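Okay, structure first, notes after.
If you're wondering where the values come from, they're calculated on a predicted model, not measured in any experiment. Numbers restart at 1 for each chain; the letters A, B, ... are given by sequence-line order, proteins then strands.
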Amino acid sequence: MPSMVRAAEIAEHVGEEVILKGWVYNRTHKGKLVFLLIRDGYGFVQCVAFERDLDPELFDTIAHIPQESSVVITGQVRADGRAPGIPGGYELGIISLEIIQSVAGDYPIALKEHGVDFLSDHRHLWIRMPSQWAILRIRATVISSIREWLDSNGFTLVDTPILTPAACEGTTTLFATEYFDEGTAYLAQSGQLYNEANIFAFGKVYCFGPTFRAEKSKTRRHLTEFWMVEPEMAFCDLEQLMEIEEQFISHVVQRALRECRAELSALERDISALERIEPPFPRVSYDEALEKLAEIRAQTEDPELKELLEIAWGDDFGSPHETELTKLFQKPVFVYGYPAAAKAFYMEPWPDRPDVSKSVDLLAPEGYGEITGGSERISDPELLLQRIREHQLPEDSFRWYIDLRRYGSVPHSGFGLGVERTVAWICGIDHIRETIPYPRMINRVYP
RNA sequence: UCCUCGGUAGCUCAAUUGGCAGAGCGACCGGCUGUUAACCGGUUGGUUCCUGGUUCGAGUCCAGGCCGAGGAGCCA
């Protein structure tokens with residue numbers, strides 16, 4: 001009895017008779033010769049049927065097998081440079097083939113260009129296509145390496161709630177839901193405040209889960225449901241935070257490079273752009289970034305870009321600013337020291353510059369922009385209380401958060417990494433809706 | 001919420017000044033021994049987003065609406 005193989009490991013079985021279980025991705029009929037491109041979940045393998053080698057009835061079946069039919073194939077593995085696939089270069093000479101289900105011939109996704117709305121409506125089928133399959137495999141590897149790095153560098157996973165009593169940061173719009181007799185609960189937009197409690201028990205922690213924003217954002221960088229990992233560290237200042245981030249991000253990219261070569265090349269990703277990603281990353285202050293933007297603005301001939309890049313000290317960067325800044329570097333770039341007014345209430349002020357916060361965003365290169373946002377947090381209870389009042393937040397709801405500064409307060413820092421934006425950058429694709437299996441956007445909750 | 005663009009066959013798109021609704025792909029049938037979304041021939045395929053208006057005549061012009069895409073703001 002031949003043994004079952006996975007497409008990804010086919011190279012290890014050259015000369016052997018093996019069994020492959022999967023689905024017909026494409027069929028090319030050449031008369032006395034038929035090529036089937038079979039996907040099995042682990043890759044795509046070409047299987048070849050010659051009329052002279054097979055029973056006429058079986059050959060006719062293979063010649064007419066519809067796209068996406070499920071099959072069990074027995075065949076002999078051989079190396080052939082002409083064979084397409086992921087990874088390509090090997091093919092199966094078909095000895096026998098059993099159809100588990102023959103599709104009626106009405107599979108909606110033809111092998112041709114499609115519009116994004118059509119593909120989104122068929123997301124449950126779209127994920128079978130090589131590009132989407134490759135992206136989601138890379139996503140899985142990215143998530144795995146995020147957890148691997150944190151777990152092996154002293155961080156404890158401490159889960160934070162998804163149903164929360166109020167806005168963590170009080171600014172962005174939240175999804176609300178009825179919560180028994182307790183009134184309204186909200187879907188979490190961040191686990192950070194809970195992380196800050198957790199570091200006083202565990203030192204270094206992270207939470208990792210879906211987060212929700214009810215913002216009516218309609219861009220290639222936004223989802224209403226997305227995944228975020230948020231590490232938080234006690235006894236950590238802004239400089240140490242940046243060192244942690246660059247180690248962490250570099251590990252994630254390098255492991256994707258090692259383990260997802262076939263997927264990245266299926267996406268035609270420029271590998272060399274990723275090979276450069278290792279510490280240290282450039283660091284630019286907000287003030288320096290403003291100067292660089294002013295230079296770019298002075299040099300551009302494009303009146304539209306000139307207008308988009310207009311910015312005054314105190315404004316947060318918009319995506320045009322981020323995009324232009326990242327073009328100046330071949331690695332992710334830290335921009336630190338944003339104006340306090342543009343950032344959240346809990347951020348530690350810069351020494352001797354109260355209008356500047358000890359905040360840092362990491363902007364991915366090639367125009368991808370912000371993938372992490374972090375800061376050193378306020379550790380003084382009086383200052384924190386003052387900020388809560390300035391932002392007109394409900395003091396009573398933040399009692400527990402203020403307690404953290406009363407019982408053993410220490411300098412501490414943390415950041416949040418957007419998984420989908422990171423995957424989009426690593427994959428080199430232009431819209432994050434393809435980086436999550438079932439994207440949730442302002443006008444899409446199906447399928 | 002604002003700006004720009006779009007909606008025609010299952011899919012991707014054409015349709016001249018307002019004058020017979022078209023092509024490619026898919027599906028189905030046939031041909032082809034190395035295809036890479038094969039190629040060639042044939043068959044099949046329509047509420048032109050909706051409502052109203054102008055006109056002898058509307059896919060095309062006008063008004064209102066619906067849906068989608070890209071961008072802005074906001075953010076990861």
Side-chain angles (χ1 to χ4, degrees), chain A residues 25-37 44 46-53 59 63-64 66-68 80-86 88-89 91 93 103-122 129-131 169 171-173 189-192 210-230 304-305 307-308 310 315-323 342-344 361-364 368-374 415-425 430-433 435-436 441-444:
Chain A
Y25 172 69
N26 194 15
R27 186 192 73 230
T28 305
H29 188 189
K30 289 275 300 170
K32 292 172 179 158
L33 172 62
V34 178
F35 299 102
L36 300 180
L37 193 54
F44 291 68
Q46 173 161 281
C47 300
V48 188
F50 286 101
E51 188 177 34
R52 61 150 195 256
D53 297 340
F59 183 81
H64 292 90
Q67 186 188 5
E68 291 304 315
D80 191 317
R82 294 170 296 186
I86 308 173
E91 64 183 21
V103 171
D106 59 348
Y107 187 68
I109 305 185
L111 301 182
K112 54 163 292 195
E113 277 179 48
H114 294 281
V116 66
D117 191 39
F118 173 81
L119 288 171
S120 296
D121 281 341
H122 297 86
M129 308 293 285
S131 62
E169 306 183 15
T171 51
T172 43
T173 320
Q189 62 165 344
S190 166
Q192 184 209 310
T211 49
F212 305 88
R213 305 275 164 95
E215 293 278 325
K216 291 201 169 183
S217 300
K218 201 167 142 23
T219 80
R220 68 182 63 196
R221 285 182 291 275
H222 289 86
L223 300 168
T224 56
E225 177 183 312
F226 64 98
W227 285 66
M228 187 159 67
V229 58
E230 294 176 275
E304 200 180 334
L305 185 62
E307 195 189 322
L308 282 171
E310 195 175 349
D315 296 340
D316 204 355
F317 294 139
S319 37
H321 307 105
E322 286 185 7
T323 303
K343 289 290 180 182
D361 286 354
L362 182 65
L363 311 183
Y368 281 92
E370 184 175 355
I371 54 172
T372 80
F415 67 96
L417 171 88
V419 169
E420 288 76 16
R421 288 185 180 179
T422 304
V423 173
W425 163 49
D430 69 356
H431 202 303
I432 66 168
R433 72 182 144 224
T435 65
I436 188 166
M441 290 175 296
I442 168 172
N443 44 20
R444 180 167 293 281

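- The main-chain N or O of A:Arg433 is never found under 3.5 Å from a side-chain atom of A:Glu420 such that the two would form a donor-acceptor pair.
- Dashed line: the shortest gap from a side-chain N or O of A:Ser319 to OP1 or OP2 of B:rC75 is not under 4.0 Å.
- Put simply, A:His222 has no side-chain N or O that comes within less than 4.0 Å of OP1 or OP2 on B:rG73.
- Within the 4.0 Å cut-off from OP1 or OP2 of B:rC32, not a single side-chain nitrogen or oxygen of A:Lys30 is found.
- No donor-acceptor distance shorter than 3.5 angstrom exists from the side chain of A:Arg213 to the backbone of A:Glu225, with no hydrogens or angles considered.
- Taking side-chain N and O atoms only, A:His64 has a distance below 4.0 Å to OP1 or OP2 of B:rG30.
- Between the C1' atom of B:rA37 and the CG atom of A:Leu111 lies a distance of 5 Å, rounded to the nearest Å.
- Dashed line: the shortest gap from a side-chain N or O of A:Arg221 to OP1 or OP2 of B:rG73 is not under 4.0 Å.
- Rounded to whole Å, the C1' atom of B:rU60 lies 9 Å from the corresponding atom of B:rA15.
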Please enumerate all protein N or O atoms sitting under 3.5 Å from an N or O of nucleotides 40-50 of chain B, with distances to 0.1 Å.
none

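- Between A:Ser190 and B:rA76 there is no side-chain N or O to OP1 or OP2 distance below 4.0 Å.
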B/S/- along nucleotides 2-15 of chain B (protein heavy atoms under 4.0 Å) is ---------BB---
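- With respect to A:Asp361 and A:Lys343, a salt bridge is recorded, a charged nitrogen being found less than 4.0 Å from a carboxylate O.
- For A:Thr219, counting side-chain heavy atoms from C-beta on, the closest listed nucleotide (B:rG70, B:rG73, B:rU35) is B:rG73.
- The nearest pair of heavy atoms linking A:Gln46 to A:Leu37 is N-CD1, 3.7 Å.
- Partners of A:Gln67 under the side chain to side chain contact (heavy atoms under 4.5 Å, CB included) rule, at least two apart in sequence or in another chain, are A:Tyr107, A:Leu111.
- In this entry the distance linking NZ of A:Lys216 with P of B:rG68 reads 12 Å, nearest Å.
- Using P as the reference atom, B:rG59 and B:rG19 are 10 Å apart when rounded to the nearest Å.
- Across the strands present, B:rG68 finds its partner in B:rC5; the criterion is a Watson-Crick or G-U wobble pair with both atom distances under 3.5 angstrom.
- Counting only N and O atoms by type, the side chains of A:Arg221 and A:Ser319 include a donor and acceptor under 3.5 Å apart.
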